[in-house]
Peer 1: 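This is the structure I have questions about; it appears just below.
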Amino acid sequence: MTNLKEEVQSRRTFAIISHPDAGKTTLTEKLLLFGGAIRDAGTVKARKTGKYATSDWMEIEKQRGISVTSSVMQFDYDDFRVNILDTPGHQDFSEDTYRTLMAVDSAVMIIDSAKGIEDQTIKLFKVCRMRGIPIFTFVNKMDRQGKMPLELLAELEEVLGIESYPMNWPIGMGKDFIGIYDRFNNRIEQFKKEGEERFLPLDESGELMDGNELKDSQLYEQTLEEIMLLSEAGNQFSEEAIANGTLSPVFFGSALTAFGVQTFLDAYLQFAPAPQPRAATTGEIDPLAKDFSGFIFKIQANMNPKHRDRIAFLRICSGKFERGMSVNLSRTSKPINLSSSTQFLADDRNTVNEAVAGDIIGLYDTGNYQIGDTITTSKDMYQFERLPQFTPELFMRVTAKNVMKQKHFHKGINQLVQEGAIQLFKTVRMEEYLLGAVGQLQFEVFEHRMRHEYNVEVIMERMGNKITRWAVEEKIDENLHNSRSILVKDRYDKYAFLFENEFALRWFKDKNPAVELFNPMDDVGR
């Protein structure tokens, strides 16, 4: 790496967000194909063939055909180095997605053409808007019957409140899908055509040359009318509006057939931002700064079941990483030597010797790191903006089925809790283990992983919904514990109460005005 500025400006780091089944993992794989990172895409639909999505590495993901963890994939394409973070689509894993969105510079939002804007898309979109990151939209499954394109655009603007600019426009849909009218490249890209036949040039007025049989198609005429309407009444193209996240370029295509994907990728790389400055406690950190810095946004245990390892995912924010370098962990002010590092293609890994701002690398972790940790070579012990700690809503009491496996039970529960998907509490009286999560699926994944990765069967007793509030004070009268306000300690030994309902919370506040309570999600715009 001879020129840090050139290296950093060639990075494009983005997350793909969508509702489950919109085609997120499929699009990810097609991008990897175009980038030459894989030769053959496994699809989540083809379970009987033994082919699975490259980005779905966990056993339970392969069984269910869903993504429940954030995968990281990197490839080179056309002088760019692309880092894709494939996030969980399932709402029960929204906090993993939220933290992942803190580590990217832009987002690609996939919309199912038949279903339009769905609930999970809205939630994730709001997180992107809150961070002000550019959003690129890919309307998927145009080879199936769906909503009219103009209706989808209206939905995008009305439901999400963002302006849109169609970079291309579909010619027909479903069985009548012919291809896309590419406004940006001034050409028509034909569906199910290869080689020279695939692209048809348009003249200066945006029409096909005389003699082309497509000109006689009614769908072509309808497309020209819609293009004229978009030109006259639609939003103007603006690179500035794209950069500040108020205008979303829209692309139409079919991820499953790879149609329109490369056209999207080429335009995305042209307009998506390179790594941007990051807010820290000492001010904004320039990605071109000499000092190396980054933050841990994810910890994952047992990505390689044979080695029972733990990987801390680091987003590099400034400077250059060199394997073996010494850095400071801001939380503890202790130096750490970064001798073991890796880059990813899902569960395929290679040792990385150098990386720059924008890259995502994995650090082998023996227990040094926590989610949200900042590491840097700077003498200033600054910290990047805090990552959210989600407030769990569902609770389970958990014990080991076999008392002889307590050692494995404690190891497993402590490692999985450090990943951040579930939270661990202990009751102050009996020291019972309680697990808290945002959604039910997290408990199912926990139980599955304890059994398959730690060889421990667990008994999980449902406790239902609770309202969690942490205590500001370091000492709490343990007599305040009762069945409607359970007093617990989290894994950092901080006191918290699990309230039965809103009434119990209000009653407690009225009776104990001296006990100050807080909700950590209040600090992150919720």
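A quick note: this is a predicted structure, and the numbers were derived from the prediction, not measured.
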Peer 1: What are the two closest heavy atoms between P249 and I242, and how far apart are they?
Peer 2: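 Closest approach of P249 to I242, heavy atoms only: CG-CD1, 3.6 Å.
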Peer 1: Using 30° and 60° as the class boundaries, would you call the ring planes of W169 and F252 parallel, tilted or perpendicular?
Peer 2: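 Perpendicular: the ring planes of W169 and F252 meet at over 60°.
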Peer 1: I'd like to know whether E207 forms a side-chain contact (heavy atoms from CB on, under 4.5 Å) with K215, so could you lay out the CA-CA distance, the side-chain angles of the two residues, the decisive distance to 0.1 Å, and finally the verdict.
Peer 2: CA-CA 9 Å; E207 294 195 33; K215 286 195 78 168; 4.2 Å; yes
Peer 1: Give me the ring orientation class for F177 and F191: parallel if the planes are under 30° apart, tilted from 30 to 60°, perpendicular past 60°.
Peer 2: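 Answer is tilted, since the angle falls between 30° and 60°.
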Peer 1: Ignoring hydrogens and angles, tell me if any N or O in the side chain of N212 forms a donor-acceptor pair with the backbone of M209 under 3.5 Å.
Peer 2: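 No, because the side chain of N212 does not come within donor-acceptor range (under 3.5 Å) of the backbone of M209.
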Peer 1: Quick one, E157 with S164, criterion side chain to side chain donor-acceptor pair (under 3.5 Å). Give me CA distance, side-chain angles, the key distance, then yes/no.
Peer 2: CA-CA 7 Å; E157 302 202 1; S164 62; 2.9 Å; yes
Peer 1: Are a donor atom and an acceptor atom from the side chains of S318 and S293 found within less than 3.5 Å of each other?
Peer 2: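 Checked: S318/S293 side chains pair up, N/O donor to acceptor below 3.5 Å.
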Peer 1: Taking the basic N atoms (NZ, or NE/NH1/NH2) and the acidic carboxylate oxygens, is any pair closer than 4.0 Å for K141 and D21?
Peer 2: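 Between D21 and K141 there is no salt bridge, as every charged N stays at least 4.0 Å from the carboxylate O atoms.
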Peer 1: Are side-chain heavy atoms of I135 and R129 found at a separation under 4.5 Å?
Peer 2: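 Contact flag for I135/R129 side chains = yes.
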Peer 1: Ignoring hydrogens and geometry, is there a side-chain-to-backbone donor-acceptor pair from Q190 to E197 under 3.5 Å?
Peer 2: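 Yes, Q190 side chain to E197 backbone: donor-acceptor pair under 3.5 Å.
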Peer 1: If I compare all heavy atoms of R11 with all of P275, which pair ends up nearest, and what's the gap?
Peer 2: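 Where R11 meets P275 most closely, the heavy atoms are O-CD, 3.5 Å.
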Peer 1: Test side-chain contact (heavy atoms from CB on, under 4.5 Å) on E155 and I111 and set out the steps.
Peer 2: CA-CA 11 Å; E155 208 172 302; I111 294 172; over 6 Å; no
Peer 1: Quick check: do V108 and F264 have side-chain heavy atoms less than 4.5 Å from each other?
Peer 2: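 Answer yes - side chains close enough.
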Peer 1: Is there a donor-acceptor pair under 3.5 Å between the side chain of Y181 and the backbone N or O of G206?
Peer 2: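 Yes; judged by distance alone, with no hydrogens or angles, the pair exists.
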Peer 1: Counting distance only, does the side-chain N/O of T281 pair as donor-acceptor with the main-chain N or O of Q383 below 3.5 Å?
Peer 2: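 Such a contact is found between T281 side chain and Q383 backbone.
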Peer 1: Is the ring pair F75/Y77 parallel, tilted or perpendicular, if the boundaries are 30 and 60 degrees?
Peer 2: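 Perpendicular, since the angle between the ring planes exceeds 60°.
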Peer 1: So F518 and W470, would you call those rings parallel, tilted or perpendicular, with 30° and 60° as cut-offs?
Peer 2: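 Ring orientation, 0 to 90° scale: tilted.
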